[in-house]
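These values consider heavy atoms only, across backbone and side chains, with no hydrogens, waters or symmetry-generated copies. Quick caveat: nothing in here was measured; it's all calculated off a predicted structure.
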Number of protein chains: 2
Amino acid sequence: MTHNRIKINDIAQLTGLSTTTVSRVLNGKAKQYRIGKESQEKIKKIAKELNYIPNQNAANLRTGRSNTIALIVPSLNNPFFANIASNINNEVRDKGYVTIVGDSDEDVATEKLILQQLSSRNIEGIIIVPCGNKWAHIKELHDQGLPIVCIDRYFDNLDIPFVSTDNHHGAYLATRHLIEQGHTIIACIQGVKESTPNKLRIKGYLDALSESGIKDILITGDEFSFHCGYIETKLLLQQKNKPTAIFTLSNTIAMGAMKALKEERIKIPDDISLITFDDHPYLDYLATPLSCVAQPVTDISKIATKFLFSEINRNKMPLPKILLKPNLNIKESVKRLNSRY
Amino acid sequence: MTHNRIKINDIAQLTGLSTTTVSRVLNGKAKQYRIGKESQEKIKKIAKELNYIPNQNAANLRTGRSNTIALIVPSLNNPFFANIASNINNEVRDKGYVTIVGDSDEDVATEKLILQQLSSRNIEGIIIVPCGNKWAHIKELHDQGLPIVCIDRYFDNLDIPFVSTDNHHGAYLATRHLIEQGHTIIACIQGVKESTPNKLRIKGYLDALSESGIKDILITGDEFSFHCGYIETKLLLQQKNKPTAIFTLSNTIAMGAMKALKEERIKIPDDISLITFDDHPYLDYLATPLSCVAQPVTDISKIATKFLFSEINRNKMPLPKILLKPNLNIKESVKRLNSRY
DNA sequence: TCATATTGCACAATCGTTTGTTCTATGCTT
DNA sequence: AAGCATAGAACAAACGATTGTGCAATATGA
């Protein structure tokens, strides 16, 4: 295609200098290699005039650096991840890098496929929201020395760095809030069971319950998806021991739950209370603004990027595993019950 | 980093064959170059055993093909674009390509910057939602022979192919719907004025009005943003000649409008009706489910990708400019007025 | 049996950079 | 004036694949 592009050699010819010199000037190594002022200016001038655009592939082949990182998320359709993607993309661009984005579609096989595709491209690092609880393929790359940071979801017992939310605390806050409002039959619709954040959220939920001596434990679900929220809510509504509150462990699950509740004409919070993990601007304009555990998305993105680049640049930054505090955003979806007292 | 990776030459050594032969077998050109069955199997076996991963940069340098396309959107945070990104990403991955995603942040300067970054990478094609009405930098690349498809927003008078919605028709439908429900004072909050979709939407709005002999024309706004929707709605509410309905030209504008309305305690649709361009799952769960003009996002993504690849593969596909019909999704945000009759 | 086809594969150039090393002036020192 | 330092720049070898062409060895045909 666009292959009449001008190359470093053309500039060399036109300036009467060597490609070596041109390369060094254009890479800002002029002083280091004592290139004369005049030569420098001549080169820069011509390069600008001809609109020289270096061929990154050639450079990459030689240096092994691609100025490219990858971001893999379970679904760009999930506003939570889209937000992360947007943030990271901006951070990365400012460093002169580009981001290859992979959408694993919440499917481990796809995730593996994407990592494979990436392996052949000399990307310099990966920020990933692992979609499942399988980590062999990720660890393999990490072991080969490829900088990797997990965000949001991660693997506790591995030595792969991560930046996430204090999920236990978040779930604890949400559950305690429900309890404080008088709820005692609190259902929790979870996502991927074996994933670390999910386990911790469940633990937070359980801890809050047991702290208050509540024995009714109601955990269902197995996917961070709309569908899961919908199905499980439908089922919950069938129970004899109907919950007065539902705690959904992701925004997608919450949306599914809302659909089910709407279908059954059950009002939030009058008939049932709802609280969820993950915030989103839309939540404020819902029929009932949804109380939620807001994750510090921007900070997570920033820290993850910063850390990834410190790894890429081999500045040993001592920041392997970090959890940020979430925020409990109380809106209007939780009703105060007095039934118990 | 991971530079003890095995290369084509290693396989050549181990099999006792030449790199040429190995390359040809691994690229499926065995028949074409009459490589013997035995050699083929030996090569494939070893390649698999050693988990050979080709260095795309080397190949790319030689062939000029990068198996990479770029997608540039104004904001991944906008669920409409996130949805597009997700769709395209999946399409592209299935073809063995990867997607570099650029978030131009609704800023032309950033968009230019991104295109520059991409120029040096031998990407094979671009799908872009141009953020503004400036096209010189895009046309330049297109003129150099780089396959480019605009989606959603596009430039009418240029020869750059596009896939979008029939914006005129969509706006016409929405406006006519409002009129049919008895509204006569209908405000329209627009986005980037000079952009083609915006112009066409405005035209659809005007055509519907004039068709019904409505003289009150109320157009404000200048950005496809939350902020614009918020501000303009606030201002509209100050007018003496207050509109009974608002038509927002994007989902972001609609959200801003909702915020303003909520602040002013103005109920939808009781006090004012609202209809918007762009659908989103969340819209169904809003305080008042928002009637909208739904764009065929999936089809747009599919067609755009298909066309881009036909360009990349130089199959001259006669599909330069295409507009898909939008759908009017009537929900509950438009009130039937009888005041006029 | 000799000429010609065909099969199977290797040589070596090439893609556009980067970079360790070398080389030649010129200037400086004493 | 001889010796050495330094400034300024070029040589040429990589990086790891792809590919036009050439060259044996074997098969085929008359």
Colleague: Taking atom P of D/dT19 as reference, at what distance in whole Å does atom CG of B/N60 sit?
Modeller: 12 Å
Colleague: Between B/E91 and B/K306 (side chain of the first, backbone of the second, donor and acceptor by atom type, cut-off under 3.5 Å), is there such a pair?
Modeller: no
Colleague: Looking at every heavy atom in both A/C131 and A/S104, which two are closest together, and how far apart are they?
Modeller: CB-OG, 3.7 Å
Colleague: I need the CD-P distance between B/Q40 and C/dG8, as an integer number of Å.
Modeller: 9 Å
Colleague: Search all heavy atoms of A/F224 against all heavy atoms of A/E106 and return the closest pair with its distance.
Modeller: O-OE2, 3.8 Å
Colleague: What are the two closest non-hydrogen atoms of A/N89 and B/D103, and how far apart are they?
Modeller: OD1-N, 3.3 Å
Colleague: Taking only residues two or more places apart in sequence or in another chain, which ones pass ring-ring contact (aromatic ring centres under 6.0 Å, His included) with A/Y97?
Modeller: A/F309
Colleague: Please check: side-chain N/O of B/S310 versus main-chain N/O of B/F307, any donor-acceptor pairing under 3.5 Å?
Modeller: yes
Colleague: Could you check B/I35 against B/A58 and say which one's nearest nucleotide on DNA chain C is further toward the 5' end?
Modeller: B/I35
Colleague: Ignoring backbone atoms, establish whether B/N9 has a side-chain N or O less than 4.0 Å from OP1 or OP2 of D/dA17.
Modeller: no
Colleague: Considering only side-chain heavy atoms of B/T19, which listed nucleotide, C/dA12, C/dT17, D/dG16, is closest?
Modeller: C/dA12
Colleague: Rounded to the Å, how far apart are A/N122 CG and D/dA17 P?
Modeller: 10 Å
Colleague: Taking DNA chain C as the partner, which of residues 42-54 of chain A come within under 4.0 angstrom of it by heavy atom?
Modeller: A/Y52, A/P54
Colleague: Base, sugar-phosphate, or nothing for B/N57, non-hydrogen atoms under 4.0 angstrom?
Modeller: nothing
Colleague: Any chance the side chains of B/N90 and B/D94 put a donor and an acceptor closer than 3.5 Å?
Modeller: no
Colleague: Expressed in angstrom and rounded to an integer, what is the separation of A/Q56 atom CD from C/dT17 atom C1'?
Modeller: 11 Å
Colleague: Specify the separation, in whole Å, of atom CD of B/Q32 and atom C1' of D/dT18.
Modeller: 12 Å
Colleague: Considering only side-chain heavy atoms of A/T20, which listed nucleotide, D/dG16, D/dA9, D/dA12, is closest?
Modeller: D/dA12
Colleague: Considering every strand and a 4.0 Å limit on heavy-atom distances, what is the contact class for B/K31: base, sugar-phosphate, or nothing?
Modeller: nothing
Colleague: Go through C/dG20, C/dC9, D/dT19 for me and flag the one nearest to the B/S23 side chain.
Modeller: D/dT19
Colleague: When you measure from the side chain of B/K29, which nucleotide among C/dG16, C/dT18, D/dT19 comes out closest?
Modeller: D/dT19
Colleague: Taking OP1 and OP2 of C/dC9, is either one under 4.0 Å from a side-chain nitrogen or oxygen of B/S39?
Modeller: yes
Colleague: Rounded to whole Å, please give me the gap between CZ in A/R34 and C1' in C/dT26.
Modeller: 13 Å
Colleague: For B/Y33 and for B/A59, locate the closest nucleotide of DNA chain D by heavy-atom distance; then report the residue assigned to the nucleotide nearer the 5' terminus.
Modeller: B/A59
Colleague: Figure out the CZ/C1' separation between A/R62 and C/dG16, and round it to whole Å.
Modeller: 12 Å
Colleague: C/dT17, D/dA9, C/dA10: which one has an atom nearest the side-chain heavy atoms of A/I8?
Modeller: C/dT17
Colleague: Could you please name the option among C/dT17, D/dA9, D/dC15 that lies closest to any side-chain atom of A/L61?
Modeller: D/dC15
Colleague: Using the salt bridge (Lys or Arg N to Asp or Glu O under 4.0 Å) criterion, which residues pair with A/D156? Sequence neighbours excluded.
Modeller: none
Colleague: Looking at B/T21, does any N or O in its side chain come under 4.0 Å of the phosphate oxygens OP1/OP2 on C/dC9?
Modeller: no
Colleague: A/Q13 CD to D/dA9 P: how many Å, rounded?
Modeller: 17 Å
Colleague: Would the base of C/dG20 count as contacting A/R24 through its side chain, where contact means a donor and an acceptor less than 3.5 Å apart?
Modeller: yes
Colleague: Students often get this wrong, so: under 4.0 angstrom with heavy atoms, is B/N27 touching a base, only sugar-phosphate, or nothing?
Modeller: sugar-phosphate
